[in-house]
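Data first, discussion second: the structure below is written as structure tokens.
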There are 2 protein chains.
Amino acid sequence: MKEGPNIARIAALIGDPARANMLTALMTGKALTASELAAEAGVTLQTASSHLTKLDQGGLLRQRKQGRHKYFALAHDDVASVLEALMGLAAGQGHLRTRIGPKDPELRRARVCYNHLAGDLGIQMYDSMTSRGFLKHDDKVLTLTDQGRNFITKFGIDLTGLDQQKAPMCLECLDWSERRSHLAGSLGRALLSHMEALGWVKRTQGSRVVSVTSKGQTAFAKAFPAQ
Amino acid sequence: MKEGPNIARIAALIGDPARANMLTALMTGKALTASELAAEAGVTLQTASSHLTKLDQGGLLRQRKQGRHKYFALAHDDVASVLEALMGLAAGQGHLRTRIGPKDPELRRARVCYNHLAGDLGIQMYDSMTSRGFLKHDDKVLTLTDQGRNFITKFGIDLTGLDQQKAPMCLECLDWSERRSHLAGSLGRALLSHMEALGWVKRTQGSRVVSVTSKGQTAFAKAFPAQ
DNA sequence: TTCATAGTTCGATCATAATCGAAGCGTGAA
DNA sequence: TTCACGCTTCGATTATGATCGAACTATGAA
């Protein structure tokens with residue numbers, strides 16, 4: 001009988017304040033990195049790492065490694081249901097605690113992700129290029145079509161340099177805030193730096209925010225129209 | 001930041017195996033004495049007393065003293081909801097080796113779950129409606145088909161009221177005793193209250209048991225035949 | 001009264017696990 | 001290559017709390 005029933009296991013996982021904070025932060029549906037979750041929970045990265053391992057082994061989280069970041073999200077809707085039920089009960093008891101404010105809307109709009117463009121803008125670019133046949137998505141491999149090469153060259157990017165690199169030119173990168181794909185790889189990086197050179201966007205030092213200039217606003221919409 | 005959010009407090013209360021056993025035992029809706037709960041949890045009376053004090057202070061239990069006995073019951077339906085959600089999650093993970101489902105056969109047969117019908121009866125209703133094409137399960141979204149709308153209307157439920165509500169009409173709810181789906185959402189609630197109005201079922205006060213009248217027995221089988 | 005039963009309180013023991021510093025690992029950028 | 005960064009692992013400390021024996025209180029029965 002020392003072997004507790006499984007609901008105790010799960011409840012105990014949620015029952016630690018640090019872990020509860022992390023799970024609460026993940027209820028927005030967005031995936032967050034280990035560092036972000038550590039900050040949310042108010043513990044060091046080491047401690048957070050330990051907690052995240054436990055939550056993952058407990059089946060409450062789904063994780064995805066991307067570059068040197070590790071993104072965590074709730075494993076399933078069931079998990080959110082439990083949290084919601086708990087919050088309902090807690091709220092009914094009047095011990096309500098306000099949640100932390102929403103993320104920076106600027107970050108949501110456009111941000112740097114490994115030197116390429118992510119956020120709303122990144123997705124719009126990806127979608128526009130895909131639907132116009134510039135990018136082709138075959139069997140998990142993303143390639144630039146001939147039409148696409150033409151478009152990119154006209155846009156002012158020299159593809160010969162990129163062709164010679166060993167690193168893949170086109171990669172898909174899953175945008176966790178939007179849960180959609182955007183363009184990574186050397187072409188993704190080249191596009192961002194070129195747009196910066198054109199004065200369309202400005203990268204904010206020490207932040208991941210990419211701000212769009214008024215000139216960039218219209219130029220971008222023209223170059224990458226939503227279909 | 002040491003001050004944990006309230007959901008951690010509650011989850012931690014449920015997170016102890018002994019307490020989880022007690023709470024599980026109380027899910028039948030019956031009130032149990034401290035000694036009985038101690039036996040259920042497999043701990044001594046002293047330990048049980050300590051746990052029960054904590055559960056009570058945490059607002060999860062309601063207690064009634066009668067003679068030299070002290071009876072405990074779940075404080076509210078919210079508490080049962082949390083436990084049910086936890087059990088659903090635990091069952092979904094396949095980590096279940098402990099007893100599943102309520103011991104009480106009445107509860108297993110039919111019970112209230114968020115104001116809709118759960119247990120054998122709830123599943124039979126769901127299965128019957130699904131296999132007759134009244135409910136359609138597409139891409140995680142459950143919808144009422146035109147045939148279904150027709151059926152429900154003939155059954156005596158006014159759908160216009162439900163259509164106007166923001167809350168989803170059809171939701172799936174995992175039945176923790178049977179590990180099958182049953183119908184939740186506003187339609188699920190409407191069906192239960194309508195069957196109550198028809199005199200098919202009776203909800204037992206202070207308990208989650210739904211008892212089926214003899215009239216309801218046959219009527220239900222006719223309205224929701226197993227295919 | 002005396003006894004038995006139901007439950008609580010106290011105190012000591014013991015196990016668990018939360019925490020963080022320090023060091024190590026892997027990836028990306030220059 | 002070197003450096004920076006994100007994250008993990010290890011180890012030690014520390015706090016918490018689950019557990020039960022023993023003593024105590026309260027209620028009911030004889």
Side-chain angles (χ1 to χ4, degrees), chain A residues 1-4 8-9 11-22 31-58 61 63-72 112-116 118 165-168 171 173 176 184-186 188-190 192-193 203 205-208, chain B residues 1-4 8-9 11-22 31-58 61 63-72:
Chain A
M1 190 50 91
K2 292 293 162 203
E3 178 83 18
R9 253 178 58 88
L13 278 175
I14 308 175
D16 177 80
R19 287 194 293 259
N21 278 329
M22 293 176 175
L32 299 176
T33 65
S35 307
E36 288 168 333
L37 289 168
E40 283 284 345
V43 293
T44 62
L45 190 54
Q46 302 97 289
T47 305
S49 179
S50 157
H51 284 309
L52 289 168
T53 304
K54 284 172 189 171
L55 287 172
D56 181 55
Q57 284 174 350
L61 293 185
Q63 49 177 276
R64 181 194 163 97
K65 216 177 159 188
Q66 190 156 292
R68 46 186 174 181
H69 295 272
K70 206 164 174 182
Y71 285 92
F72 294 88
V112 176
C113 169
Y114 300 113
N115 273 332
H116 63 258
Q165 288 181 15
K166 258 194 309 189
L171 283 177
C173 182
W176 274 98
S186 59
R189 288 195 292 277
L192 177 58
S193 64
R203 294 172 64 162
Q205 191 67 15
S207 157
R208 299 165 65 207
Chain B
M1 190 52 88
K2 291 294 161 204
E3 177 84 19
R9 254 178 56 89
L13 278 174
I14 309 175
D16 177 78
R19 287 195 292 262
N21 278 330
M22 294 177 174
L32 298 175
T33 66
S35 307
E36 288 169 332
L37 289 168
E40 281 285 344
V43 294
T44 63
L45 189 53
Q46 303 98 289
T47 305
S49 178
S50 157
H51 285 310
L52 289 168
T53 304
K54 284 173 188 169
L55 287 172
D56 182 54
Q57 284 174 350
L61 293 185
Q63 49 178 278
R64 191 176 78 235
K65 216 176 161 188
Q66 190 161 295
R68 48 183 172 179
H69 294 272
K70 205 164 175 182
Y71 286 92
F72 293 88

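Letters A, B, ... are given to chains in the order of the sequence lines, protein chains preceding strands, and every chain is numbered from 1. Computed from a predicted model, the values in this text were never measured in an experiment.
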Under 4.0 angstrom between [X] side-chain N/O and [N] OP1 or OP2:
X: B:T44; N: D:dC20; answer: yes
X: B:H51; N: D:dG17; answer: no
X: A:R189; N: C:dG28; answer: no
X: B:T47; N: D:dA18; answer: no
X: A:K54; N: C:dA17; answer: no

To the nearest 0.5 Å, tell me how far A:R64 CZ sits from A:Y71 OH.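 Reported to 0.5 Å precision, the distance equals 9.5 Å.
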
Assess whether one donor atom and one acceptor atom, taken from the side chain of B:Q46 and the base of C:dG7, lie less than 3.5 Å apart.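 It does not, because no donor-acceptor pair links the side chain of B:Q46 to the base of C:dG7 below 3.5 Å.
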
Pair A:N21, A:E40: side-chain N/O donor-acceptor within cut-off below 3.5 Å: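 A:N21 vs A:E40: no donor-acceptor pair found between side chains.
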
Strictly under 3.5 Å: I want the nitrogen or oxygen pairs between protein and nucleotides 25-29 of chain D, one per line.
| unit_1 | atom_1 | unit_2 | atom_2 | d |
| --- | --- | --- | --- | --- |
| D:dT27 | O2 | B:R68 | NH1 | 3.3 |

Base, sugar-phosphate, or nothing: which does B:T33 touch, judged by heavy atoms less than 4.0 Å apart?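 Sugar-phosphate only.
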
Please name all residues satisfying side-chain hydrogen bond (donor to acceptor under 3.5 Å, both in side chains) with A:T47, sequence neighbours left out, ordered by chain then number.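 Listed in chain order: A:T44.
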
Which residues share a side-chain hydrogen bond (donor to acceptor under 3.5 Å, both in side chains) with A:S49, sequence neighbours left out: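 Result, side-chain hydrogen bond (donor to acceptor under 3.5 Å, both in side chains) vs A:S49: none returned.
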
Separation of [N] [atom2] from [X] [atom1] (nearest whole Å):
X: B:L13; N: D:dA18; atom1: CG; atom2: C1'; answer: 14 Å
X: A:R64; N: D:dG6; atom1: CZ; atom2: C1'; answer: 17 Å
X: B:D56; N: C:dT9; atom1: CG; atom2: P; answer: 12 Å
X: A:L37; N: D:dC7; atom1: CG; atom2: P; answer: 9 Å
X: B:D16; N: C:dA15; atom1: CG; atom2: P; answer: 17 Å
X: B:H69; N: C:dA4; atom1: NE2; atom2: P; answer: 17 Å
X: B:Q57; N: C:dT9; atom1: CD; atom2: C1'; answer: 13 Å
X: B:I14; N: D:dG17; atom1: CD1; atom2: P; answer: 16 Å

A:K70 versus A:T33: any side-chain heavy-atom pair under 4.5 Å?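 When only atoms from C-beta onward are counted, A:T33 and A:K70 do not touch, as no gap falls below 4.5 Å.
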
Among A:D16, A:L37, A:D56, the one residue meeting side chain to side chain contact (heavy atoms under 4.5 Å, CB included) with A:H51: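 Option passing the side chain to side chain contact (heavy atoms under 4.5 Å, CB included) with A:H51: A:D16.
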
Nearest to the B:S35 side chain among C:dT19, D:dT19, C:dG7, which nucleotide is it?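 For the B:S35 side chain, the nearest candidate turns out to be C:dG7.
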
Output the single nucleotide from D:dT8, C:dT9, D:dT19 whose closest atom is nearest the side chain of B:S49.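 When the side chain of B:S49 is considered, C:dT9 is the closest of D:dT8, C:dT9, D:dT19.
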
Please walk me through it: do B:R19 and B:I14 pass side-chain contact (heavy atoms from CB on, under 4.5 Å)? CA-CA 6 Å; B:R19 287 195 292 262; B:I14 309 175; over 6 Å; no

